[in-house]
Each structure stands twice: as structure tokens, then as C-alpha cells.
Amino acid sequence: MDKLIREAKKSTPKIICDPKENYILIKGESYPENSFEFYEPIMDWVEEYIEEIDDEMTKVELSLSYLNTSSTKSVMCILDILEEGYQEGKDITINWYYDKDNELSYEMAEDFMDYLEIPFNLHIKEE
Amino acid sequence: MKKSSENLYKYERKILEKAKKNIKKDKYQDNPLLKKYKSLTRKYKKLLLQSEKILRISDNNQEKLRITQQNLALLLNNVKQGFLTFGADFKINPGYSAECKNIFNQEIEGKNIAKLLFQNLDSDVEEDILRSIFEDDNSRVSLYIPLLAKEITVNDKLLKIKYKFIEKENKIMCIITDITEKRELENKLERERKNLKMAITAITNKSLVKKYINDYKKFFEQEIYDWINKYESYRTLEELYRKAHTYKGVFSQWGMENSAASLHKIEEKISNFKNSEVKNEDNDLSQFIKNIDFITFLDKDIKIMKKILGENFLAKNATISVTRENILNLKEKIEKYFPTGEKKKMLKKINRLIKRSMQDLIGIHREYTHQLAARIGKKLNHFKIESEEVMVNEDDYHEFNKSLIHIFRNCVYHGIEKPDERVLKHKPEGGSIECSIKDNNDNIYIEIKDDGRGIDLTKLRQKAIQKGIYDKDKINSIPKNKIINLIFVDEFSTQQSSNRTAGRGVGMASVKDEVEKLGGSITIDTAQDEGTTFKISLPKKDPETAVKKMNTNLLMQNLEEEFIKYLKKHLNLDLGQKDNSIKHINKLELSDFNVIINIKFKKIYDILLSADYNAAKLLKDCFIDSDLDFVSVKKERTIIKESLNEIVNIVVGQFLKALEDKKANFENTPLPINIEGSLINYRSNEIIRNTYLFNNSEIYLNLIERY
């Protein structure tokens, strides 16, 4: 399967989906006019990826400083897919990077964490 | 926030609870749809959960955005700069910073930027440039932006504008700073600087400024009317024009900006009048001149001078007086308003005008001297300065005063004994140092006296023998003051080992150096166990005579250089210890052989070479390189004389040549003076005497400045 890469744009985050490295990254701000259009190919990719992998360790990195509501829903869908995979026994870890100066960004991370039953690590963004 | 979202989904939660209850109800257990109902309930539950989370995250994000926006706005609105953006339609976007409203006195959303900014300019040009920025290739934006007006006037405010093209949004951002006050301040500063310059010119050129102002007033208030009566009008006009032009130049040079600018205008008026078609009658000319105000602007500049230098600055008496306070104020202002380089130059000028008491100057050594005594285990009871009021220019005496530290070190280190030693000598435990400063009209006398053990003459004598300055068998015939003066010879120290406080043997030489640079002299009195007194005499001087003395001093340095060079190169003679001093003496002791020659270099100088028999013989021997043992005594003396004459002639010739001044020349040929042991009397002239000691002989090289 192919790599899927989207460079960061004004209203969409940077996306890296790398099947060889077993690596998924979503980084930046997300408030596109049509969230579903942007995230659908990513959801499809993740679904396909989960089916294809066996016991490889997959690393997911999320570093999102701003999500509008529809993006939040889309990211949740992706996390749902990953959670299902985890429940099927795949080795998946989620690393969430938050801004240490921003209380709200930590709360957002916690909310995502609460929702999922999957290894979920919180890290302070280094920059 | 969590609570609000919980409440928000209360209704959905009820539906979920109801569904869960339904699943458990017995009557539905056999229902074929139960399995699907269960799955649906589970999915409903998940969806509800998800919705709640999304809501919460969304709310959080909104809050975060709001805070960010608020902070940004706070930042933007509190910076004293206006920020605004506009697009290709030239309409100002909402969301400009608060300062914009202050600057433009109105809300500016939707207003046309070109009309707002460039109302006082040819706005077509600016609009064209703006249009090009939006329409042309992005890569050329950087060419257009510098073309836009950077400083504009709106509502009597001077605005500085920075433009930034935001490519991503196809907008231009303007950062607007109100520099009205800043510019006013700058102008004020510039005016202040000019005024200070004017004041400095006024004090440093004292009488000249006063004379010019008086002459100016006299001419334009009176003399010009005499001209009208006496001469044809074209000549009067010429003179008027010439005078205006001259004074314009002078005043401008002195920083009298108001006067210079006004005179420039007057000059133009005169020029126009001169060139006008109508032939002017004397009457018209007289009227023309009467109509010109020559005085008001000058008074304006004078007023500024007086403000800085005091009301009495141009008072009627002949001297211009400025109080110390005025000068100190001036100094303070210069410190404030001028950049470093210029500041230094101006402060130097001013410092020449400020006098300090000699007592204060010498007083700066007090603390160090006490500290030094404490450090080396000595006791110092008193450090007294008794002084008449002697005011001097600090700059002139700075180096000298600095060198005095060597005397105080010597007093503490070598003079004053340790407490126990003093007690044995029935002296108080603590020593004392007393300075006295006296002033007669020509000289300043400074005495520094300690009550220590005195200078050990025996040790000095031993050292002199050791260093080969005097012969062992002759040492006792050398007068005491000559022995003491050895202290001033470079690297002559009686201390066995040197340390950082004393004993290097260069300290006293440097005191002597500094004293002599000022044209003074220093002597030492010492008595065993009673103490040592350093007596310094400094001529009082104003800066102008100081320069003159420097010239004589410099002249001596050149002369000496030639002398030593000649002896070394041609006679193969190396002069030993040098004891040079500038002496204010009016008698010059002659030695066995003396040759005098006059030279002219700006003034007339006598150069006198004296040598005792041994030295003169040595010089002669080297000069003619022959043995004179066989000739009679009389014959030998003649040859020595002739040799010395020749040496002086050559050395002085070289010296004059080295001066590279065509006007420097001999006044006459070298003249031997025969009378041994006699004196030449000079009346209060400056005499610089260099003494060279070698092989127990002495050679004196004297430079005498004649009046």
C-alpha cells in the first residue's frame, strides 16, 4: 500500500501515513470548510492499513493545536478505527503532544484519552 | 463545561436509559428484533458519548481561540502603533488595532485606504502602486513597496508607515506609528545641540564673540546710515551686502542658527533690491534699510546664550564671565545631548574652563594612603592638607596629580616606621603626612612632609658607587642634595627587592617627569629620624602658556635626540645616566668648558653645552681621535674648546635640519665662553637643563628660551 502525505495548509494539518515505517502523523491546525472531504481518504487509508498489518508496532503521533467541531468528529472517527484494531489485538500506541503553556490543549487531549481504550500517551510539545 | 454538555444531552440520555430498561423487560425477550435493538442501543450510546466529547472539545477550542484572540487584541491595542489590513479593493478590513482610531479620529472599517492615507499627496500615484502590488507578479512586490510614501501627514500628525504584503491572503498590512512627538523631540534635541554648540563657541572665543556682536550692532544700527550719507548708493549696497554675507558666515560657524538664517534672507532681499530695475535713490535705500530688522533675531540668539551662560555673559565690562554653575550645567547638557565622539571634544573644551582646588585634587590620595599604611602594618594618624585657595584646571594637573601617588607610597613605605620602631624613637605610634599648598601669583608651592625615618643617605651613596655613578673615593665629597636627587634617576632604588608598592625606582622619576612637564621643579629635604619633605614648585599657567612650554620641552627632546645620536654614531660615546629637569632658575652655572649658540625657531633660544674638564676632554678625544698628552696644557685647552665648538655646531645644525622648518636657523656661530665657574644671569626665563653623568663627569645640555 502507498504512503499518504498531505503538507500543512492554512486550515488543514500535516498528514503522514507511512505503511513501511508503521507511522501515522497528524500535526497542525484543522478547520477546513469541508472536514469530511479532507479526512475521508485518511480514514479509508487507516482502515485498510489496520486490516493489512499483523503484529508490527504502529506509532501514531497527534499534535493538534486547534480543531474545529467537524475536524474533532473526523479525528475521533480515525481514533475509533485505531481502537477497533487495538481491540483485535494489533500493537498500536497513540502519542498526543500538547502545548505546556496552554491548559486547554491539555484538557482537549484528556478528553480524547477518556474516550478511548487504547494506549494513549501525553507529551509536552518540544519547541 | 462538562456539566453543560451533560445537561445538553439529558434528553438523549433518557432515551438511552429507556432503551436499556426495554432490553431487560421480560416481554421483549423473545422479540426477534431484540438483538438488533441491543446493537442499536450500544451504537446510540457510543454516538451519544462521542457527541458529548466533541461538544466539550469544540467548546474548549472555542475558548482557546477566544483567549488567543483576546491576548492578541490586547497586545495590538496597547502597542502605540496602528495595525490594519486591506485587500485589492482598497477597503480596510475589520479587526484593526485601537490605535488606528486615535490616529485617524474615526472608525476606519471599510474606508478606502488610499483616500485615508494619501489625502495630502498625489493619491493617483500611490493608488497605482498599490494596484500594481495586487495585480502584478508577486515576485515584484518587493520593488513596489519601497515606492509607497513612508511618512505622511494626516490630521496634523506625522505618521510613519510600514507596508507588508501578506501573500497568503492577498492583503497589505500597514503598521502606522505616530511620530509627531518623536520628531518634535528630535527637533528640540537638535535645537538644543545647536544652542549648546553656540554657547561653547561663545565661551571659548569669549572676547571675539562679544566684539563681533558689538560691531554687528554698531554697523547695522549706525554706521550704515553714515555710509548712505557719505557714499553713492551702489557702494553702500555693496558694503551692506558684503557685511550681511560675512556675518552670516561667522554666525553660522558659531552655531547661531537664527541669526544665520535671518541674514540669509536679508542677503537675498539686498540682492533683489540691488538688481531691481528701478534706479534707487538714496532715499529709497535709506527706507529699504530701515525696513529691515537686523536686530531681533540676533537678540534671540543672544538670549539663548544668556540662558545657558547666565545673564552677565555679555555684560559691559571687558571680561566675559560665566559662573561655575553655568559651566557645570552646560557640561551636564552636553553629556545628555551629544553622541560620544562629539561629546568628548566638547567636554575637553569645557573642562579647560572649570577649575578645581588643588586641595581637592591632592585629597584623592588620602584614602589610598591610609589603606596602604594599614595593609603594610603601619599606622597613619594624620593625612593633613593645609591649603590656600588654589584653583587650577583639572586637566592640566591630572597627570601630575596621578604621579603624586609615588610620593605618598614612599612616605608610607620607606618614610614612616612601624609603630614599635616609632615608640622606641619616642615618636607617636602613628605617623603623619602633611601637605601644604601655597600660591603666590606666579607659582604654586606644594610641600608633602612625613615624620618618618628620613632618606638613608648612606645607602644611596653605596648604591651610587655600585651603579658606577660616583667613584668610591670621591663619594663623600658629593654634596648631599646631589645624592638625594639620585632618587629621581630612573631605576635607582635603595630597596633590595621591589614590590608593587615601592622600590621599583621608577616612581620618583615619574613624579619629576610630570613636575617638569608642567615647567616646575621638585626638591627633597630629609633629616634622619625627623622625616622627609618633598617640595614642589609649579608655575601657574593658563592653557596658552602651557602650549608654549610644551614647545620648549619638545624642542629640548629633539635637541637631546640629535645630541645623543651624534655622540653615539660619530664619537662612539654612550652617555650614561640622565638627570633632566626643566628648571626655573635665573642663573646658569657654568662649568669648565662652555659653548653657547643662538638659534631662531619662532623665538630666540640659547643652546649651551657645558662640560667639566674630564668630560670635555673625553669629547675632544673622541672627536679628533688623537692623543694630546704631549701638547702643552694651554694648547690642549684650545683644542678642547675648538672640538666642543665643532660638536655643538654639528649637533645644532642637525637639530635645526630635523625641525623641518625653513625659518629655523642659526642666529650666529658657536661662541665659547671662557670664564670658568661664572654664572650667566637670565631673568625669569625658562631654562631646560639636561645633565648627563658618566665616568664621574658631567655634561650639561641647556636650552634657554629668551624673551
Side-chain angles (χ1 to χ4, degrees), chain A residues 7-13 26 28-33 35-36 39 43 62-84 86-87 94 96-118 120 122 125, chain B residues 1-9 12-13 16 38-75 85-88 93-95 134 138 141 164-173:
Chain A
E7 283 309 322
K9 291 249 172 65
K10 193 178 132 198
S11 60
T12 55
I26 307 177
E29 295 185 335
S30 179
Y31 52 96
E33 273 176 36
S35 245
F36 190 72
Y39 283 104
M43 290 181 213
L62 299 170
S63 177
L64 292 157
S65 53
Y66 178 74
L67 293 170
N68 68 0
T69 312
S70 57
S71 300
T72 310
K73 163 79 174 92
S74 305
V75 172
M76 272 191 164
C77 279
I78 294 169
L79 291 174
D80 267 347
I81 299 164
L82 292 167
E83 189 184 32
E84 268 170 37
Y86 176 75
Q87 279 160 358
I94 292 171
W96 185 287
Y97 293 85
Y98 70 96
D99 185 352
K100 77 166 186 268
D101 294 329
N102 196 327
E103 209 182 310
L104 290 167
S105 92
Y106 178 75
E107 271 181 35
M108 179 164 86
E110 269 190 324
D111 277 330
F112 273 102
M113 196 161 78
D114 278 357
Y115 165 82
L116 296 162
E117 283 164 16
I118 182 169
F120 196 107
L122 284 179
K125 232 187 262 179
Chain B
M1 247 186 290
K2 269 183 181 170
K3 264 181 192 162
S4 80
S5 63
E6 268 164 23
N7 289 336
L8 197 63
Y9 288 100
E12 285 79 2
R13 286 200 169 276
L16 183 64
K38 269 185 184 167
S39 162
L40 201 62
T41 307
R42 213 168 39 243
K43 278 180 184 153
Y44 185 83
K45 184 186 168 187
K46 191 163 186 178
L47 191 64
L48 180 59
L49 219 60
Q50 203 180 40
S51 298
E52 280 177 350
K53 292 280 175 194
I54 290 168
L55 191 77
R56 196 174 307 146
I57 290 165
S58 186
D59 281 353
N60 272 352
N61 264 320
Q62 292 294 337
E63 179 65 8
K64 190 178 150 192
L65 197 64
R66 197 184 58 78
I67 290 171
T68 309
Q69 261 173 347
Q70 216 173 27
N71 286 340
L72 217 61
L74 201 71
L75 210 68
T85 59
F86 60 92
N93 294 316
F134 286 114
N138 276 343
V141 165
K164 215 176 144 93
F165 183 65
I166 304 163
E167 202 182 319
K168 223 155 86 177
E169 311 198 9
N170 203 34
K171 279 180 189 166
I172 292 176
M173 182 192 248

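Proteins come first, then strands; the chains are lettered A, B, ... in the order of their sequence lines, and each starts at number 1.
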Would you give the length of the straight line joining atom [atom1] of [X] to atom [atom2] of [Y], rounded to the nearest 0.5 angstrom?
X        : Y        : atom1 : atom2 : value
A:Tyr31  : B:Leu65  : OH    : CG    : 9.0 Å
A:Met108 : B:Lys53  : CE    : NZ    : 13.0 Å
B:Arg56  : A:Asp114 : CZ    : CG    : 7.0 Å
B:Lys64  : A:Asp99  : NZ    : CG    : 7.0 Å
A:Glu107 : B:Asn61  : CD    : CG    : 11.0 Å
B:Ile54  : A:Leu67  : CD1   : CG    : 10.5 Å

Exercise for the section: Determine which residues belonging to residues 44-51 of chain B lie within contact range of chain A, meaning some heavy atom pair is under 4.5 Å apart, and list them by number or answer 'none'. Expected result: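 Result: B:Lys46, B:Gln50.
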Problem - Which atoms of B:Lys168 approach chain A - backbone, side chain, both or neither, heavy atom under 4.5 Å - result: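 Contact with chain A: side chain only.
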Handout entry: Within residues 68-75 of chain A, residues adjacent to chain B where the heavy-atom gap is under 4.5 Å
Key =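 A:Thr69, A:Thr72, A:Lys73, listed by number.
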